[in-house]
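Being a predicted model, the structure only gives us computed values, none of them experimental. One-based numbering, in listed order, for ligands and for the atoms of each. The residues of the chain are indexed from 1 along the displayed sequence. Only this structure's heavy atoms are used, side chains among them; waters, hydrogens and symmetry mates stay out.
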Amino acid sequence: MNPLKRLGRRRASVLSLLAVAALVTPGAATAAPDGVRASTLGAQAAQSGRYFGTAVAAGRLGDGTYTGILDREFNSVTPENEMKWDTIERSRGSFNFGPGDQIANRAAARGQRLRGHTLVWHQQLPGWVSSIRDANTLRSVMNNHITQVMNHYKGKVHAWDVVNEAFADGGSGQMRSSVFRDVLGTGFIEQAFRTARSADPSAKLCYNDYNIENWSDAKTQGVYRMVRDFKARGVPIDCVGLQSHFGAGGPPAGFQTTLSNFAALGVDVQITELDIAQAPAAAYANTVRACMNVARCTGITVWGIRDSDSWRSGENPLLFDRNGNKKPAYQSTLSALGGSAAAQRTAAPSPRSAAALPSSFRWSSSGALIAPKPDSTHNIAGIKDPSVVHYNGKYHVFASTASSAGYNLVYLSFSDWSQAGSATHHYLDRTAIGAGYRAAPQVFYNTQQRLWYLVYQTGNASYSTNPDISNPNGWSAPRNFYSSMPDIIRQNIGNGYWVDMWVICDSANCYLFSSDDNGHLYRSQTTVGQFPNGFTNTVIAAQDSKFAMFEASNVYKVQGSNQYLLLVEAIGSDGRRYFRSWTASSLAGSWSPLAASESNPFAKSSNVTFPAGTWTRDISHGEMIRAGYDQTLTIPACQLQYLYQGKDPNAGGDYNNLPWRLGLLTQTNSTC
Ligand code: G2I
């Protein structure tokens, strides 16, 4: 969004260009190739820095079919039973590490990582422990067990399930009854984690449980509150294990939200015991994709190798059949990890294509949901350029405020769109972001740095950070991504302005896109590790006539696919704003038209219905409702929603005083 320009009078002169204009990617005649695809689960997961593991039973290590698959496919192992209390300390003070060592030593010899499972659990607990009634005795027994076992496996176990399954099923959200809770009180979990940290400071300490995959479940909420409390009070916890023993339907709809929300607390998340009744290929793929879409989802473990090895063998829930053959779920899992088996290259469409976006779109619009809320010191005419994330049960919206006095930013949050209009507007000029020209915000969470970023334009490309998105006063003062305008922009910008900065990262790099009001979309690049510094290699990512490639570009990752989506606002033959769309297979790749013309637009008044009344003819600068909120900017492939700015079609006059409002588009032609 450019606060200064007026383009309306010149629109007609470029109409003829719109239909035929082509997009080019200078200096990138061919698309970047996809990453090299691996043909095993572990190798493919490793390409994104993740592990792919399995539960291992010591008793099966003499079976050549079993070990053949184990060593070919998996780069992490979890002893299924061999590190549990009833094996390791069957009688008090007498430790039997034999079966655990057998698995640990075998894994170490083959470079496989080891998850430790589990130190404190109410099951597979010897009777001598569960019958203790004295708190001091039980505390020292528990601390001693943790310390002895962790000492023994120090340097061999990368992550320990310190406490397993301590929360109750059902609607209480409380801890379950167990000897530990009943004798030591609910503080036993904190005690166990503190003891574990002292015993092996370099191991990751995990809380592990089942039925915590559905975000809205009381059990999930109970565990979430505990982890949040631990992080707030400095109790050592590094990860949450979601066991993921699923029914045939696979993960619950909100599974990725759950992973993201835990991760946003500053812990890793891991899928620790995955198995799915009847192992539907799509259910496995959906599970894996959810993990791939969350940067801090660091690995996946399936709970066994062949169906016959499973604790639920009657349900055939694993990736290999009884003979050790790969099942369809194996192929879909490999695909979802980003890989492709040789045999699959010639096979029928992979599950990925099912999640691809359609090539034309239809939408239904809400009425104007959010209007400016002027106060005694903010005489605001329009609210514009929204950026939105759904986090912690709320929509968090950042937007430009516009008036003849200039531009600044506002923040509001609400739990439901029906409440958007009544939300409090927090003016960010009162924060360290400061007064003066700030506009076109973009918000996301950087999972590596555990910080929210707000990217916006100030004449340069600027940003502020905040550890807590819900605290408007937590934003830092503006800093710039560039020391000055990159040469290539200076050379191509013409009489335009440099606007609408947009950051998106894949697992290796972050990209900064921006527009120039002169038909160019620019792209700079830095590494994920260097971000927010080091943006260089600025190139023209796409170009067209100045009205066909106007402003307000958005770039997203499409969930469950290798597709990226580019949206750019254009000015139509009717003088109204609309959106065009392209896709690419990599962020630095070239963009192919999806719905990119005035007759087949991504979103324009011509493909939007207004059941609540036609309050705007412009579908202008805004943001998709994302599937997550991190730096990957992942959107769903289905049932898209887009928060946009529109205005009374009859309004005119001073550009900065136009009465922009925010409305929500919901896709009506989703096929999934
Ligand atoms: O129950 C499924 C899993 C739930 N989360 C924690 C995991 O540790 C748990 O694993 C299972 C093992 O897969 C089973 O193999 O835990 C069970 C015990 O609760 C394990 O079952 C036990 C049997 O109960 C014993 O009778 C048997 O001797 O497996 C033992 C070894 O085969």
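Contacts of Y453 classified as ring pair (Phe, Tyr, Trp, His ring centres under 6.0 Å), with partners at least two apart in sequence or in another chain: F444, Y463, F531. Taking the ring pair (Phe, Tyr, Trp, His ring centres under 6.0 Å) definition, one finds that H152 meets it with F97, sequence neighbours left out.
Judged as a salt bridge (charged side-chain N to carboxylate O under 4.0 Å, His left out), the pairs with a partner in residues 205-227 (not counting sequence neighbours) are, in order, D169-K219, D209-K219.
Residues lining ligand 1 at a heavy-atom distance below 4.0 Å are given as E80, N81, K84, H117, W121, Q123, Q124, N164, E165, Q243, H245, E273, W303, W311, ordered by chain and residue number.
No close placement of the H396 and Y629 rings is indicated, their centers lying 6.0 Å or farther apart.
Between the side chains of D506 and Y564, not a single donor N or O lies within less than 3.5 Å of an accepting N or O.
When every heavy atom of M83 is checked against every heavy atom of I88, the shortest pair comes out as CA-CD1, 3.6 Å.
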